[in-house]
Each structure stands twice: as C-alpha cells, then as structure tokens.
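I have placed the structure first, in the form of structure tokens, so that the comments after it can refer back to it.
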2 protein chains.
Amino acid sequence: MALRDELKKRGPFDSIEQEVGLSIMRTSDLIENRIARLLREHGLTMSQYNVLRILRGEGKPMPCLEVADRMIQVAPAITRVVDQLLKAKLIVKTQSESDRRVFLIELTPAAKRTLKAVDGPLLDLHAALMANVPKKSLKLLIEILEQTRDGIGE
Amino acid sequence: MALRDELKKRGPFDSIEQEVGLSIMRTSDLIENRIARLLREHGLTMSQYNVLRILRGEGKPMPCLEVADRMIQVAPAITRVVDQLLKAKLIVKTQSESDRRVFLIELTPAAKRTLKAVDGPLLDLHAALMANVPKKSLKLLIEILEQTRDGIGE
DNA sequence: CGCACTTACTTTACATGTAAACCATTCGGA
DNA sequence: TCCGAATGGTTTACATGTAAAGTAAGTGCG
C-alpha cells in the first residue's frame, strides 16, 4: 500500500525527498516492532539483546562505554541496560585493575544460552520480513541506503 | 561507509536480509535525529509536531484518538502529548457535545505560526538529507520499501 | 428498563533515547 | 609534584513507546 494511504494522509507529499524520509522511518518502525516482539518472547528488549550480541562478538570482557559506542548509544542509556542485565544475571561486571575508572562486563553462561536460542528465530524473522523482496532489490536497497547515510553524516 | 564498519562489527552479516533490516533501521535513526534536532529549535518534539501537522491537515477540530490513529500511535502516548501541547498553548481541547466521551483538539493561532515557521526549514532538511541520492534512486527506494512493508504487515 | 459490551480516554508501570550535571580516577604539563 | 583537563561512568530530568488496568459515557438487546 502506498505510504500516503497508510498514513491516511490527505494531500500529496511536499517533495519526493520527504516521502522517502517518511518511508524509511515507517519501514524501520515496522521492522523494529517485529524484532522487539520476538526478543520479548525470550525476555529481552532490543537494547539488552544488542549489548549481549556485542559482548558475544567480542568474546572477552569489554568496557561499558565501548559497548555503548558500538551501539551508537549515549552513556546514560548503557548504564541502565547494564544494570538490568546484571539484575537478570546475564552479565557480570568487574572493575578493571589497570584503570579503576573502567568497568568490564562479560556474558554469563545463561546469556550465552539465551543468545543461542534467539539466533535461529531471529535469522528466520529477518528472512521472513524480506521474503517479499527479490534479492536483487535487497542489494540495491543496501547500496542506496548506504549512499543516503553517507550524505547525512552530520 | 559500509554498515559493517559503521557498527564496528567484526564478522560479516549472517544474511543479506539481516543486513537490509539493520541498514533500514540505522538510516531511519539518522534521519530521525536530524529532524528531531530541527524541531527542537522550534520548541517541538517529533510527536508534538506530528499532532500539529495532522490537525492542520484536517483543518478542523479532531478527536484525540483519531489523531493517534493517523500517527499509528497507541492511546496513552497521545494523552501525554496532548497534555504537553495544551500546556504550551498550542492546542485547545473541548468536550464534544454530541458524545461526551470524545474530546476534540484544535490548533491555536500560535501553533499555526509555529507550523508555518517550520515548513520551509523542514522541507529544506529533507532535501539536504537526500541530496546525495539521485532522483531515480529515490523513486526506486520508495518502491522497494513499499514492497517491503507490504510483506511485513502483521 | 436495565445490564453487558464497546468506545474514548486516562493512569500507571516499565524500557529507552537525549541532555546536563556530577563523581572518581587518570593524565599531562608547568 | 601538584593542579587542571580529559576520561569512564552514574544520576537526574524529560519525552516517547508499549502493555495493562481503570473510568466515564454510549449502545444494544432481552
């Protein structure tokens, strides 16, 4: 369905650029909702999952802010997510000995199990979300979006 | 820059579908941030602006939930935004006489002035955000994203 | 007529994002 | 060596999104 109808918008868009912007944001929203719902079934929120995923990718303890940096998130947000994950016993936090300002976080075995349980369904979900779009369009989409982001960079 | 580098991701993506999903979400985020910043200069948040914009589009008083519906937002969120806009004297709220459950909201002259002041800069911003992308790609983007959304619909 | 059901909102509780101010620790340089 | 600046985090305050429960006011049907 055309975006204009989805949004029950009366008039036409003011410009094609505006329509593209809204289109990207709307599509993103739909995808996020679906992913969030899947993760919720496993007791995780998006940002909690992201922290765990980054820690797994790294494979060893990481400073909080470095995790935040990879999520392109601001510091206060990480502090809270880390607190939640600590409470859920999905990570452990230790003070670095070489620099006592630094706190390192690390996955617990329980977190690793949870991640493993999420892997398959999440991959399936991504595939399902894009099932309607031919591979060729997907490649094109990646290219155009990358080009778009390059033009936005602050 | 490739998404993988932007996210400082170590390994490759697990699938092209996943990469597209992340790419859409990341691009959306960048756009939203820029728009939010512009609106903030005019004392508005995204959702406040959206409410005002919808009211202007309608041109006459509207029930709260109908506004929420067009924003694809859930009821509680609207209640709060409406409260803020009331406090900022950008809308007025009256109880419908025909159905006393319904509360109608309407723009104040101040809101109309604010909207008018935002129109130009916002249109310029949308154009600037997409300046890097050829018109043809924009049209393609709209098509592919629409196709994507059609495949997601719940 | 009267009671169950729906509708239009509001309230509360929780997760998240942003900005600004605040600690503690470390670093760099006079 | 001592002090101010930079760094790693936390806290607070505010806007937003979601879910769930509650309230007030219509609607429908026996």
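Numbered from 1 within each chain, the chains take letters A, B, ... in sequence-line order. The analysis underlying the following values was restricted to heavy atoms, covering all of them including side chains, and did not include hydrogens, waters or symmetry mates. Predicted, not measured: the structure shown is a model, and the values here were computed from it.
Arg34(B) places no side-chain N or O within donor-acceptor distance of the main-chain N or O of Leu129(B), the cut-off being under 3.5 Å. Remark: the backbone N or O of Val92(A) is not paired with any side-chain donor or acceptor of Glu106(A) at under 3.5 angstrom. Thr108(B) contributes a side-chain N or O that, together with a main-chain N or O of Lys89(B), makes up a donor-acceptor pair within less than 3.5 Å. A distance-only check finds a donor-acceptor pair linking the side chain of Thr27(A) to the backbone of Ser23(A) [under 3.5 Å]. Judged by distance alone, the side chain of Gln147(A) and the main-chain N or O of Asn132(B) form a donor-acceptor pair under 3.5 Å.
Nucleotide dG17(C) holds its P atom 20 Å from the CZ atom of Arg34(B), rounded to whole Å. In this structure, Met25(B) places its CE atom 16 Å from C1' of dG17(C), rounding to the nearest Å. One can place CZ of Arg100(B) at 18 Å from P of dT23(D), the figure rounded to the nearest angstrom. Rounded to whole angstrom, the span from the CG atom of Leu65(A) across to the C1' atom of dA6(D) amounts to 13 Å. Note: CG (Leu39(A)) to P (dA15(C)) measures 15 Å, nearest angstrom. Atom NZ in Lys87(A) sits roughly 10 Å away from atom C1' in dC14(C) (whole-Å rounding). Protein atom CZ of Arg80(B) is 7 Å distant from nucleotide atom P of dG17(D), rounded to whole Å. In this entry the distance linking CD1 of Ile35(B) with P of dT16(D) reads 15 Å, nearest Å.
A sub-4.0 Å separation between OP1 or OP2 of dT16(D) and a side-chain N or O of Thr45(B) is present. Considering only side-chain N and O atoms, Arg101(A) lies nowhere under 4.0 angstrom from the phosphate OP1 or OP2 of dT26(C). Using a 4.0 Å cut-off, no side-chain N or O of Gln95(B) falls inside it from OP1 or OP2 of dA8(C). Regarding contacts with the backbone of dA15(C), every side-chain N or O of Gln48(A) stays at 4.0 angstrom or more from both OP1 and OP2. Note on Lys93(B): a side-chain N or O is less than 4.0 Å away from OP1 or OP2 of dT10(C). Residue Gln84(A) places no side-chain N or O under 4.0 Å from the OP1 or OP2 atom of dC14(C). The side chain of Gln73(B) contributes an N or O atom lying less than 4.0 Å from OP1 or OP2 of dG17(D).
The nearest heavy atom of DNA chain C to Cys64(B) and to Ala77(A) marks one nucleotide each, and the one closer to the 5' end goes with Cys64(B). Comparing Asp29(A) and Thr79(A) by the nucleotide of DNA chain D whose heavy atom lies nearest to each, the residue mapping closer to the 5' end is Thr79(A).
In this structure, of dT16(D), dG17(C), dC9(C), it is dC9(C) that holds the atom nearest to the side chain of Val102(B). Comparing dT18(C), dG9(D), dT10(C) by their closest approach to the side chain of Pro76(B) singles out dT10(C). Closest to the Arg40(A) side chain, of the nucleotides dT18(C), dG9(D), dA19(D), is dA19(D).
Contact annotation for Pro63(B): backbone-only contact, meaning every heavy-atom pair under 4.0 Å involves sugar-phosphate atoms and none involves a base. Heavy atoms of Ser47(A) sit under 4.0 angstrom from primed sugar atoms or phosphate atoms, though from no base atom.
Under 4.0 Å is where a charged nitrogen must lie from a carboxylate oxygen, and between Glu66(A) and Arg70(A) at least one such pair does.
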